[in-house]
Amino acid sequence: MAGKHNHKKIEKKWQKIWENKGIYKIKDKVRGKKNFYHLVMFPYPSGNLHIGDWYNFAPADVFARFKKMNGFNVLSPIGFDAFGLPAENAAIKRGIHPKDWTYQNIKTMAKQLESMGNMYDWSRKIITADPQYYKWTQWMFLQLYKKGLVYRKKAPANWCPKCHTVLANEQVIDGKCERCDTQVVQREIEQWLFKITDYAERLLKDLDGLDWPEKTKIMQRNWIGKSEGSIIKFGVECQMLNIKCDIEVFTTRLDTIFGCTYLVVAPEHSIIKNLESRVQNLGEVENYIKQAKKKSDLQRTDLAKEKTGVELKGIKAINPFSAKGGNSEKIPVYVADYVLGHYGAGAVMAVPAHDERDFEFAQKYNLPIKESISGGDVSKNAFTQDGILTNSGQFIGMTSKKAREEMVKWLKENKFGDKKINYKLRDWLVSRQRYWGTPIPIVYCDKCGIIPVLEKDLPIKLPDIKNYLPTEKGKSPLAHSEKFINTKCPKCKGKAKRETDTMDTFVCSSWYYLRYADSKNNKKFADAKKIKNWLPVDMYIGGAEHSVLHLLYARFFTKVLYDLKYLNFKEPFSALRHQGIILGSDGQKMSKSKGNIIDPDGLVKQFGSDCVRMHLCFMGQYDQGGPWNPTGILGVKRFLDRVWELATNNKRQATSVKKPNIERLFHQTIKKVTEDIEKFQFNTAISSLMILLNEMEKNESQLSVANCQLFVKLLSPFAPHLT
RNA sequence: GCCGAGGUGGCGAAAUUGGCAGACGCACUAGCUUUAGGAGCUAGCGCCGCAAGGCUUGUGGGUUCAAGUCCCACCCUCGGCACCA
């Protein structure tokens with residue numbers, strides 16, 4: 001064994017031995033061992049394994065091996081998130097069929113993954129674009145459908161003009177498409193949605209018990225955006241009135257209601273249509289609404305600096321508190337696009353004295369500013385904090401908090417409103433007008449209407465069509481395929497047509513962690529017993545970019561399946577860790593155009609997989625990332641060569657010479673490495689191993705074979721191929 | 001604007017129940033060694049200074065025998081949200 005450390009030969013050798021012996025084929029149960037489900041977020045087949053993928057998978061494998069050495073029966077599976085826009089766009093760009101492109105990439109990437117020497121159980125591999133897999137994605141859709149959690153709606157949707165498809169709200173970043181950076185526009189399309197909002201409260205509450213980064217939990221909480229307030233009915237008065245109606249508003253600051261000097265409704269608000277005949281300046285109003293609708297979401301927020309609106313002339317609202325007091329005060333009603341149609345009641349009571357937005361609007365349109373909470377100077381600025389009520393009838397002198405309680409009581413007693421909780425979370429739009437995705441298992445029958453496909457008819461296979469390019473009209477490419485669309489109605493057996501949209505790829509990844517437990521099952525998405533053996537996931541590792549998307553959707557699916565009694569747990573991922581992002585040596589985000597991409601294959605060739613794995617662990621804090629240092633890896637290379645020298649020295653005496661310092665240092669290092677890996681502090685674990693090696697070399701003559709073997713063992717989660 | 005994370009040598013970073021700041025590594029310098037090296041070994045390496053000595057954890061205050069660590073104010077960088085009433 002002595003001689004220079006030849007990583008290429010050794011790594012190949014061990015990888016072959018591992019494979020032949022099948023030591024990473026994990027049994028569902030091993031006597032005397034506890035199961036540990038260790039999972040990395042599966043990659044999408046982009047073409048090549050990126051250094052960022054390595055940074056996710058390599059340190060994660062260190063943790064998995066560590067757990068295994070600690071006596072757990074560790075499942076560490078891998079697969080491919082194969083459907084979706086990124087893969088499809090890349091294929092289209094190269095003029096290759098998405099299927100060919102994807103499966104070709106999977107082949108290369110599987111090979112690259114094997115070169116890492118991770119303890120993956122390849123026998124459980126899943127590919128979400130395989131019919132055996134998406135059969136169950138479709139089955140999931142049907143379960144949600146049965147439970148009333150799927151609905152169809154024609155509504156303005158985020159449309160990416162370049163990808164030719166609708167996007168979920170979560171996929172629109174700064175008004176642009178998450179994938180191609182194109183400005184997203186609003187477009188009216190019929191589409192399918194999942195009622196994730198039904199689960200808002202549970203998605204919020206169940207975060208508390210999770211061992212997740214606090215940051216991620218906060219991001220999810222903010223995304224769900226719970227706010228507690230009240231709903232208030234303002235009476236409406238028109239000239240020549242015989243219509244009696246109300247405008248409902250939502251507020252969290254009921255205590256400020258005596259300062260309300262006008263109402264604002266969103267351009268989408270139904271009151272405008274309903275009272276059309278009473279609006280004296282209808283032309284002006286309609287024109288304003290038209291202008292507002294033209295704006296994209298981005299423009300609506302970009303124009304935040306300058307608020308605009310139009311009064312609905314001829315319509316007045318009556319504050320219920322003043323109405324009851326006898327001298328009902330009539331206040332004007334405006335339509336303005338700073339009020340959102342989809343949140344709360346789509347209308348607000350404007351209190352310029354105590355709300356910055358209303359203040360700005362009131363100043364611009366010369367509306368009265370009436371103080372109702374003391375503590376600020378409302379002639380200069382809106383005073384938005386809580387305080388003591390003034391100018392507020394029977395509530396004068398109360399604190400804001402107390403007033404809110406008393407005023408809700410009053411509202412309820414007088415039937416003018418009630419408490420109300422609102423969430424920012426919106427339903428999950430899952431229709432995609434694209435080829436490369438799971439077909440939605442729905443059929444349209446002239447007689448029976450919209451009918452779900454029967455479970456026994458699954459999977460509805462994605463046809464191999466040549467014309468897979470997205471269309472500008474907003475029709476899925478599947479609409480071209482006569483063979484695909486024409487079918488029989490599952491109910492009346494008459495002629496019917498298939499839904500041609502495919503599902504958002506996040507649907508595929510919302511349940512894949514369950515499939516690994518039983519990836520080849522033909523009868524169920526996974527056997528209940530096998531699920532019980534492994535789930536929930538004990539440690540989940542992946543990028544922070546999924547903080548709200550994938551992680552929220554997966555939690556939603558788990559809860560639905562729990563309610564349907566398929567699962568006995570409510571949360572899929574008990575513990576979660578994120579890796580940081582590795583930047584180019586120039587400190588910039590890696591990209592082909594900047595030419596700063598680090599190629600992991602080249603590094604492995606030059607330094608070996610152990611060295612690359614270890615360097616990634618040594619770079620710094622795992623969740624931090626940072627610029628790639630091109631020379632830093634040399635230190636790890638030297639270290640591994642020195643370990644090799646020490647470990648392969650045949651002349652070493654078998655009997656241990658008791659050297660107290662060394663023995664003590666061994667104990668300290670074992671403790672430190674153990675604690676640090678548990679905490680994902682791989683960098684300091686390695687540094688302690690380096691310190692130990694330095695000491696060992698200084699006392700080389702006194703080292704025993706056992707010392708060296710122990711050292712190699714300590715090192716083995718990081719460098720599993722050594723010796 | 002709001003929420004979150006962070007700011008320590010030339011570089012990546014250690015160290016926070018307050019106790020010698022800079023472990024470990026990269027780069028660098030000198031010497032040894034090698035036919036040669038971008039290999040190996042030995043030594044040095046926060047900054048200023050010939051030295052004695054002084055200074056040093058984003059900035060400014062404060063608490064303390066003692067502060068990177070605690071308190072107050074502010075600046076900067078990164079990530080997220082963004083008219084959510």
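We find that NZ of A/Lys589 is positioned 11 Å from C1' of B/G79, with the value rounded to whole Å. Summarising the geometry, the separation between CE on A/Met690 and C1' on B/C26 is reported as 10 Å, rounded to the nearest angstrom. Protein atom CD1 of A/Ile218 is 13 Å distant from nucleotide atom C1' of B/G79, rounded to whole Å. Rounded to whole Å, the distance from CG on A/Asn381 to C1' on B/G1 is 14 Å. Rounded to a whole Å, the CD atom of A/Glu545 is 16 Å from the C1' atom of B/C78. One can place CG of A/Leu340 at 14 Å from C1' of B/C81, the figure rounded to the nearest angstrom. As a whole-Å value, the separation of A/Gln588 CD from B/U77 C1' is 14 Å. A/His615 has its NE2 atom 9 Å from the C1' atom of B/C26, to the nearest Å.
Picking from B/A39, B/C83, B/C81 the nucleotide with the shortest atom distance to the side chain of A/Arg638 gives B/A39. Of the candidate nucleotides B/C26, B/C83, B/A85, B/C83 has the atom nearest to the side chain of A/Tyr338. The side chain of A/Asn694 approaches B/C24 more closely than any other nucleotide in the set B/A85, B/C81, B/C24. Nearest nucleotide to the side chain of A/Met219, out of B/A85, B/G80, B/C83: B/G80.
In this pair, A/Phe416 and A/Trp410 present their aromatic rings parallel. The plane angle is below 30°, not in the 30 to 60° band. Between A/Tyr540 and A/Phe573, the two ring planes are parallel [angle under 30°; tilted spans 30° to 60°].
Looking at heavy atoms from C-beta onward, A/His578 lies in side-chain contact with A/Pro213 at the 4.5 angstrom threshold. Residues A/Met614 and A/Phe639 meet the side-chain proximity criterion, which asks for heavy atoms closer than 4.5 Å.
One finds a salt bridge joining A/Asp208 and A/Arg221 here, because a Lys/Arg side-chain nitrogen approaches an Asp/Glu carboxylate oxygen to under 4.0 Å. Under a 4.0 Å N-O distance rule, the pair A/Lys217/A/Asp206 does not qualify as a salt bridge.
B/U8 and B/G68 have their C1' atoms separated by 7 Å, given to the nearest Å. Rounded to whole Å, the separation between the P atoms of B/A15 and B/G53 comes to 32 Å. B/G10 and B/G80: their C1' atoms are spaced 33 Å apart (whole Å). A gap of 11 Å separates the C1' atoms of B/U56 and B/G22, to the nearest Å. If you take atom C1' in B/A27 and the same atom in B/G19, they sit 32 Å apart, rounded to whole Å. Using atom C1' as the reference point in both B/C76 and B/G58, the two lie 7 Å apart (nearest Å). Nucleotides B/C20 and B/A30 are separated by 35 Å at their P atoms, to the nearest Å. Only the C1' atoms considered, B/G60 is 48 Å distant from B/G38, to the nearest whole Å.
Annotation: A/Phe194 is not in aromatic contact with A/Tyr553 [ring centroid separation under 6.0 Å not met].
Counting any heavy atom pair closer than 4.0 Å across all strands shown, A/Lys215 reaches sugar-phosphate atoms only and no base atom.
Within the 3.5 Å criterion, the main-chain N or O of A/Lys402 finds a donor-acceptor partner in the side chain of A/Thr399. A distance-only check finds a donor-acceptor pair linking the side chain of A/Lys364 to the backbone of A/Lys307 [under 3.5 Å].
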Evaluation steps, side-chain hydrogen bond (donor to acceptor under 3.5 Å, both in side chains), between A/Arg426 and A/His342: CA-CA 9 Å; A/Arg426 291 205 251 164; A/His342 57 73; 3.2 Å; yes
A/Asp427 vs A/Thr197, side-chain hydrogen bond (donor to acceptor under 3.5 Å, both in side chains): CA-CA, chis, key distance, verdict: CA-CA 6 Å; A/Asp427 280 335; A/Thr197 50; 2.6 Å; yes
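Between A/Thr251 and A/Ile686, the residue whose closest nucleotide on RNA chain B is further toward the 5' end is A/Ile686.
Here A/Thr631 does not reach the OP1 or OP2 of B/C11: none of its side-chain N or O atoms lies under 4.0 Å away.
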Measure all distances between protein nitrogen or oxygen atoms and nitrogen or oxygen atoms of nucleotides 12-18 of chain B, and list the pairs falling under 3.5 Å.
from  : atom 1 : to       : atom 2 : distance (Å)
B/G12 : O2'    : A/Met619 : O      : 2.5
B/A13 : OP1    : A/Gln624 : NE2    : 3.4
B/A14 : OP1    : A/Gln621 : NE2    : 3.2
B/A14 : OP1    : A/Asn683 : ND2    : 3.1

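RNA chain B forms stems at B:1-7 with B:75-81, B:10-12 with B:24-26, B:28-32 with B:40-44, B:46-48 with B:53-55, B:58-62 with B:70-74, each a run of 3 or more consecutive Watson-Crick or G-U wobble pairs whose two key distances fall under 3.5 Å.
Classification of B/G60 as anti follows from a glycosidic angle more than 90° from 0.
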